[in-house]
Amino acid sequence: MSPSKQYWVYILTNKSHKVLYTGVTGDLRQRMEQHRGRSSSFTAKYKADKLVYAEPFGDIQEAIAREKQIKAGSRQKKLDLIRELNPYWKDLSEDLW
């Protein structure tokens, strides 16, 4: 039996922490490479490539529902979520490699 797939809801920001981008993916490392390679127009335009929040899920539907919940929330709710997990706004993608 193969291990179950893991999905991620994540938030990226830029150097000044002014931009917040929320996404969902089945391969967080590959998705970060895409963001850093500027293949996403929004993250490229705003240079949002610092991973500051990542939440794992075993089910894609749950991950998508959580992404929508986060996107629907206020900027303050997103900031609170990030600060709860990552109070120093460390780039969490460093742990992917």
Closest non-hydrogen atom pair, Gly26 against Lys5: O-NZ, 2.9 Å
Greater than 12 external heavy atoms within 6.0 Å of Gln76's CD: yes
Close side-chain approach of Tyr10 and Leu51, heavy atoms under 4.5 Å: yes
Interatomic spacing from NZ in Lys47 to NE2 in His35 - rounded to 0.5 Å: 16.0 Å
CH2-OG1 distance between Trp8 and Thr25, expressed to the nearest 0.5 angstrom: 10.5 Å
Heavy-atom pair with the smallest gap, counting every atom of Leu85 and Ala54: CD2-N, 3.9 Å
Over 12 non-hydrogen atoms of neighbours within 6.0 angstrom of NZ in Lys71: yes
Test item: Asn14 side-chain N/O and Lys18 main-chain N/O as donor-acceptor pair under 3.5 Å: yes
Main-chain N/O of Gly73 paired with Lys78 side-chain donor or acceptor, under 3.5 Å: yes
Flag side-chain contact, heavy atom, 4.5 Å: Leu12 against Met32: yes
Smallest separation among heavy atoms of Tyr7 and Ala63, with atom names: CB-CB, 4.0 Å
Min side-chain heavy-atom separation Val9-Phe57 under 4.5 Å: yes
side-chain contact (heavy atoms from CB on, under 4.5 Å) between Asn86 and Leu92, worked out: CA-CA 9 Å; Asn86 188 1; Leu92 302 174; 3.6 Å; yes
Close side-chain approach of Tyr46 to Tyr21, heavy-atom, < 4.5 Å: no
side-chain contact (heavy atoms from CB on, under 4.5 Å) between Leu20 and Tyr53, intermediate numbers included: CA-CA 10 Å; Leu20 297 175; Tyr53 179 85; over 6 Å; no
Side chains of Leu81 and Ile70 in contact at under 4.5 Å (non-hydrogen atoms): yes
Beyond-backbone contact of Thr13 with Ile82, side-chain heavy atoms, under 4.5 angstrom: no
Qualifying residues under salt bridge (charged side-chain N to carboxylate O under 4.0 Å, His left out), relative to Glu55, sequence neighbours excluded: Arg66
Salt bridge (Lys or Arg N to Asp or Glu O under 4.0 Å) assessment of Asp95 paired with Lys90: CA-CA 10 Å; Asp95 298 332; Lys90 177 183 181 261; 3.4 Å; yes
Gap separating the CZ atom of Arg31 from the OG atom of Ser93, nearest 0.5 angstrom: 13.5 Å
Any Trp89 side-chain heavy atom under 4.5 Å of Lys50 side chain: yes
Pairing residues for Lys68 by the salt bridge (charged side-chain N to carboxylate O under 4.0 Å, His left out) criterion, not counting sequence neighbours: none
For Asp91, all residues meeting salt bridge (charged side-chain N to carboxylate O under 4.0 Å, His left out), sequence neighbours excluded: Arg36
